[in-house]
Amino acid sequence: MVQPVFDAAVLSGRTDIPSQFIWPEGESPTPDATEEMHVPLIDIGGMLSGDPRAAAEVTRLVGEACERHGFFQVVNHGIDAQLLADAHRCVDAFFTMPLPEKQRALRRPGESCGYASSFTGRFASKLPWKETLSFRSCPSDPALVVDYIVATLGEDHRRLGEVYARYCSEMSRLSLEIMEVLGESLGVGRAHYRRFFEGNESIMRLNYYPPCQRPLETLGTGPHCDPTSLTILHQDDVGGLQVHTDGRWRSIRPRADAFVVNIGDTFMALSNGRYKSCLHRAVVNSRVPRKSLAFFLCPEMDKVVAPPGTLVDAANPRAYPDFTWRSLLDFTQKHYRADMKTLEVFSSWVVQQQPASART
Ligand SMILES: C=C1C[C@]23C[C@@]1(O)CC[C@H]2[C@]1(C)CCC[C@@](C)(C(=O)O)[C@H]1[C@@H]3C(=O)O
Ligand SMILES: O=C(O)CCC(=O)C(=O)O
Ligand SMILES: [Fe+2]
């Protein structure tokens with residue numbers, strides 16, 4: 001079958017959309033999924049500088065949320081409001097450019113970075129109704145983001161590169177603060193995960209969901225658990241993020257002052273399965289484009305992902321084998337479309353690769 005071209009300027013107004021964008025009945029959005037999910041609101045700035053009793057309460061709330069579904073929100077995060085506004089403005093500036101301009105950063109098969117208009121060519125069906133621009137960010141290489149943007153889009157886009165370089169560096173700082181809380185809540189101390197992620201090799205992704213005239217048959221981002229470690233998401237005021245808990249889909253209402261944080265598969269493995277990487281998706285609407293900024297914290301590519309010894313004992317044996325982020329990322333880009341079972345399927349695959357003598 002001929003793959004459709006996802007040119008939002010053309011497709012957004014049409015009701016006769018190509019069949020590759022239609023999701024099967026059991027997976028398409030349910031009109032009644034507007035019930036709101038209440039996720040704890042964490043005052044992270046207050047907790048890091050404030051009194052020990054407030055800090056203990058925050059740690060408890062985070063631990064409880066991560067054991068149940070892995071979602072919480074942070075406020076008082078110290079991210080400059082102007083930087084956040086610039087980051088959203090640059091999403092508009094990039095995605096409203098003509099398609100050939102955006103395609104200068106075209107994502108190549110098997111690669112996790114670049115511009116993708118839906119995933120025509122990559123997947124044959126259940127295509128997501130979105131455009132994305134993804135790029136790598138590492139604290140050890142501060143020029144990476146600007147260099148990538150200028151090399152792909154040209155010198156005229158240097159300012160956009162600078163905005164996202166600053167944004168990523170702030171996201172990395174915030175993730176390390178969150179890692180301190182996660183370490184504390186798991187009883188392994190503040191330093192354990194902070195140190196593990198100090199040299200992260202993360203992925204920044206700009207999501208742009210154009211309007212769709214068949215919003216109840218399509219999805220912006222299909223149901224999945226993030227394979228990454230921790231996601232820090234800022235959504236605009238449109239709404240569309242939904243989480244599956246207690247057997248139903250519920251929406252996380254946008255808050256301009258808050259970031260939505262969720263545990264990913266790699267952190268679930270690092271916590272020996274204690275903290276959950278939870279199923280979520282993004283729906284689209286027929287009226288306005290929706291934007292979200294997702295910072296995916298990832299370990300250094302070749303660092304061994306394994307839980308600290310204190311989280312493993314006879315009652316809690318190892319839930320997942322050792323692996324590297326390089327191998328899991330590769331798995332999602334070349335062999336398996338990330339969904340709700342990625343970690344499970346990947347773990348079985350890793351175990352099968354090991355010599356029989358090494359399997360426990
Ligand atoms: C490592 C990754 C793969 C995806 C991007 C990400 O950085 C983290 C989430 C993954 C994804 C969003 C899960 C849903 C399916 C997917 C194909 C998508 O809709 O974008 C996933 C990403 C991917 O490009 O493989
Ligand atoms: O856009 C959103 O609200 C969620 C996107 C998402 O889950 C992802 O990119 O992994
Ligand atoms: Fe996600």
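Counting starts at 1 for both ligands and their atoms, following the listed order.
Protein N/O/S atoms closer than 2.8 Å to the Fe ion (ligand 3): His224 NE2, Asp226 OD1, His280 NE2.
Checking His224, Arg205, Lys130 against atom 22 (C) of ligand 1, the nearest heavy atom belongs to Arg205. Comparing Asp265, Thr231, Leu329 against atom 1 (C) of ligand 1, the shortest heavy-atom distance belongs to Leu329. Atom 9 (O) of ligand 2 has its nearest heavy-atom neighbour, among Thr228, Asn207, Leu206, in Asn207.
Ranking the protein heavy atoms by distance from atom 25 (O) of ligand 1 puts Arg122 NH2, 2.7 Å first. Closest to atom 9 (C) of ligand 1 among all protein heavy atoms lies Pro227 CD, 3.7 Å. Remark: minimum distance from atom 21 (C) of ligand 1 to any protein heavy atom is reached at Ala338 CB, 4.4 Å. For atom 7 (O) of ligand 1, the closest non-hydrogen atom on the protein side is Phe296 CD1, 3.5 Å. Counting protein heavy atoms only, atom 5 (C) of ligand 2 is closest to Tyr209 OH, 3.5 Å. Counting protein heavy atoms only, atom 16 (C) of ligand 1 is closest to Phe119 CE1, 4.4 Å.
Between His234 and His88, the angle of the ring planes goes over 60°, which puts this pair in the perpendicular group of the 30/60° scheme.
Neither the backbone nor the side chain of Asp339 comes within contact range of ligand 1; no heavy atom lies under 4.0 Å. With a heavy-atom cut-off of 4.0 Å, Thr231 does not touch ligand 2 at all. Looking at Arg107 against ligand 1, only its side chain comes within 4.0 Å, counting heavy atoms.
Residue Arg337 qualifies as enclosed at atom CZ: its count of foreign heavy atoms under 6.0 Å is above 12. More than 12 heavy-atom neighbours from other residues, nucleotides or ligands sit within 6.0 angstrom of CZ on Arg214. Atom CZ of Arg248 sits in a crowded spot, with more than 12 heavy atoms from other residues, nucleotides or ligands closer than 6.0 Å.
The side-chain tip of Lys303 points at the ring of Phe196 from less than 6.0 angstrom away and within 45° of straight on.
Within the 4.0 Å heavy-atom shell around ligand 2 one finds Arg290. Residue His224 places a heavy atom under 4.0 Å from ligand 2.
Judged by distance alone, the side chain of Gln235 and the main-chain N or O of Ile252 form a donor-acceptor pair under 3.5 Å. At distances below 3.5 Å, at least one donor-acceptor pair connects side-chain atoms of His77 with backbone N or O atoms of Asp257.
Val304 has its side chain out of reach of Pro299: every pair of non-hydrogen atoms, C-beta onward, lies at least 4.5 Å apart.
The distance from ligand 2 to the heavy atoms of His280 drops below 4.0 Å at these ligand atoms: 7 (O). In the vicinity of Phe296, heavy-atom distances shorter than 4.0 Å reach the ligand 2 atoms 8 (C), 9 (O), 10 (O).
Judged by distance alone, the side chains of Arg250 and Thr245 do bring a donor and an acceptor atom under 3.5 Å apart.
Below 3.5 Å of separation, one finds no N or O of Gln235 facing any N or O of ligand 2. Taking distance alone, with nitrogen or oxygen atoms compared against 3.5 Å, Gln333 approaches ligand 1 more closely than that limit. Not one N or O of Arg205 is nearer than 3.5 Å to an N or O of ligand 2, by distance alone. By the 3.5 Å distance cut-off applied to N or O atoms, Thr221 is not counted among the residues near ligand 1.
The distance between the ring centers of Phe259 and Phe295 does not fall below 6.0 angstrom. Ring pair Tyr336/Phe346: centre-to-centre distance not below 6.0 Å.
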